[in-house]
Amino acid sequence: MSTATRILGVDPGTRIVGYGLLDHRQGARPAYVECGVIRLRQEDPMPVRLSVLARTIAELIVEFGPRVLSLEAAFHGVNPSSALKLGQARGAVMAVAAERGLEVAEYPPAYVKRAVVGHGRATKEDVMARVQLLFGLARAPTADAADALAIALCHVHAPRLPRRTGP
């Protein structure tokens, strides 16, 4: 029997970061392991928040031993300042994963939604309900934790999803 690949999905942010872990064995349904959120203090300066984020992700990697980190790819937001801060959070997470030898995979938000819900315009509530159903959870995870599980699940389904080509 092949061993499972543990995937850590991360929904990056500068105040709330969702994380979700699942195990995947070839030919079997992915199995839920854990999910939650990392809350960063808004009053802390950005370097402190990034340090706390990096340290907490490192602790999750040590505790749960994932082999893959899957995260949402950057998207073009309306607010350039917010996009820059999100990029800093993504960079902190990616650096920790690379430092620990994890494979890093990125997926656009619409791709994640299509992998989990079936279409790229799904709402947060759609993703929460679908994740709850797929993993048989007693209640839906918070939006950020559900997004993180969806990002991890996207990594499992990515080879079978049609890829969009072009810009």
Side-chain angles (χ1 to χ4, degrees), residues 2-26 28-40 46-77 82-117 120 122 124 127 131 134-135 141-167:
S2 67
T3 61
T5 298
R6 182 154 292 169
I7 303 165
L8 169 60
V10 176
D11 181 26
T14 57
R15 290 185 299 154
I16 300 174
V17 178
Y19 69 89
L21 290 126
L22 59 83
D23 285 341
H24 177 249
R25 279 188 176 79
Q26 198 64 30
R29 292 181 64 160
Y32 171 84
V33 176
E34 174 79 29
C35 73
V37 295
I38 302 164
R39 296 191 186 280
L40 304 170
M46 185 57 71
V48 172
R49 284 191 259 170
L50 294 173
S51 175
V52 170
L53 173 58
R55 185 173 54 250
T56 306
I57 293 294
E59 290 168 358
L60 287 170
I61 291 170
V62 169
E63 181 177 355
F64 291 102
R67 293 196 339 220
V68 177
L69 176 105
S70 181
L71 77 158
E72 200 167 70
F75 60 95
H76 305 291
S82 295
L84 179 61
K85 289 175 185 173
L86 180 60
Q88 291 171 331
R90 291 179 72 255
V93 171
M94 292 170 78
V96 169
E99 191 175 79
R100 302 289 190 291
L102 274 65
E103 172 189 340
V104 176
E106 300 177 73
Y107 301 99
Y111 197 79
V112 173
K113 292 173 182 179
R114 188 171 55 215
V116 176
V117 180
K124 290 236 181 238
V127 173
V131 164
L134 288 171
F135 293 113
T142 66
D144 297 289
D147 283 350
L149 282 170
I151 293 163
L153 191 57
C154 181
H155 186 74
V156 172
H157 294 305
R160 294 190 305 269
L161 286 175
R163 295 195 186 263
R164 189 177 142 223
T165 58

TODO: Could you walk me through whether Leu71 and Val104 pass the side chain to side chain contact (heavy atoms under 4.5 Å, CB included) test, one step at a time?
DONE: CA-CA 8 Å; Leu71 77 158; Val104 176; 3.9 Å; yes
Open item on the list: Using 0.5 Å steps for rounding, measure from the CD atom of Glu72 to the OH atom of Tyr111.
Closed with: 14.0 Å
Task: Main-chain N/O of Leu40 paired to Arg49 side chain as donor or acceptor, under 3.5 Å - done: no
Open item on the list: Looking at every heavy atom in both Thr5 and Arg67, which two are closest together, and how far apart are they?
Closed with: OG1-NH2, 3.1 Å
Task: Residue pair Asp147, Val112: steps toward the side chain to side chain contact (heavy atoms under 4.5 Å, CB included) verdict - done: CA-CA 9 Å; Asp147 283 350; Val112 173; over 6 Å; no
- [ ] Find the distance between CG (Leu153) and NE2 (His24) and round it off to the nearest 0.5 Å.
- [x] 9.0 Å
- [ ] Search all heavy atoms of Gly65 against all heavy atoms of Arg6 and return the closest pair with its distance.
- [x] O-CB, 4.1 Å
Task: Identified side chain to side chain contact (heavy atoms under 4.5 Å, CB included) counterpart of Leu69 within the set Val96, Leu60, Val93 - done: Val93
- [ ] Please step through side chain to side chain contact (heavy atoms under 4.5 Å, CB included) for the pair Phe64 and Leu8, ending with a clear verdict.
- [x] CA-CA 9 Å; Phe64 291 102; Leu8 169 60; over 6 Å; no
Open item on the list: Give me the atom names and distance for the closest heavy-atom approach of Ala152 to Leu22.
Closed with: CB-CD2, 3.8 Å
Open item on the list: How close do Pro141 and Cys35 get, counting heavy atoms only, and between which atoms?
Closed with: CB-SG, 3.8 Å
- [ ] Taking all non-hydrogen atoms of both residues into account, name the closest pair between Leu86 and Pro12 and its distance.
- [x] CD1-O, 3.4 Å
TODO: Calculate, to the nearest 0.5 Å, the distance between atoms CG and CZ belonging to Asp144 and Arg39 respectively.
DONE: 7.5 Å
Task: Heavy-atom donor-acceptor pair, Arg100 side chain to Val62 backbone, under 3.5 Å - done: no
- [ ] Under the salt bridge (Lys or Arg N to Asp or Glu O under 4.0 Å) rule, collect the residues that match up with Glu106, sequence neighbours excluded.
- [x] Arg90
Task: Least distance between heavy atoms, His157 atom then Ala115 atom - done: CD2-O, 3.8 Å
Open item on the list: To the nearest 0.5 Å, what is the distance between CD on Glu63 and OG1 on Thr56?
Closed with: 11.5 Å
Open item on the list: Return the CG to OH distance between Leu21 and Tyr32, rounded to the nearest 0.5 Å.
Closed with: 9.0 Å
Open item on the list: Would Leu149 and Val116 count as a side chain to side chain contact (heavy atoms under 4.5 Å, CB included) here? Give the steps.
Closed with: CA-CA 10 Å; Leu149 282 170; Val116 176; over 6 Å; no
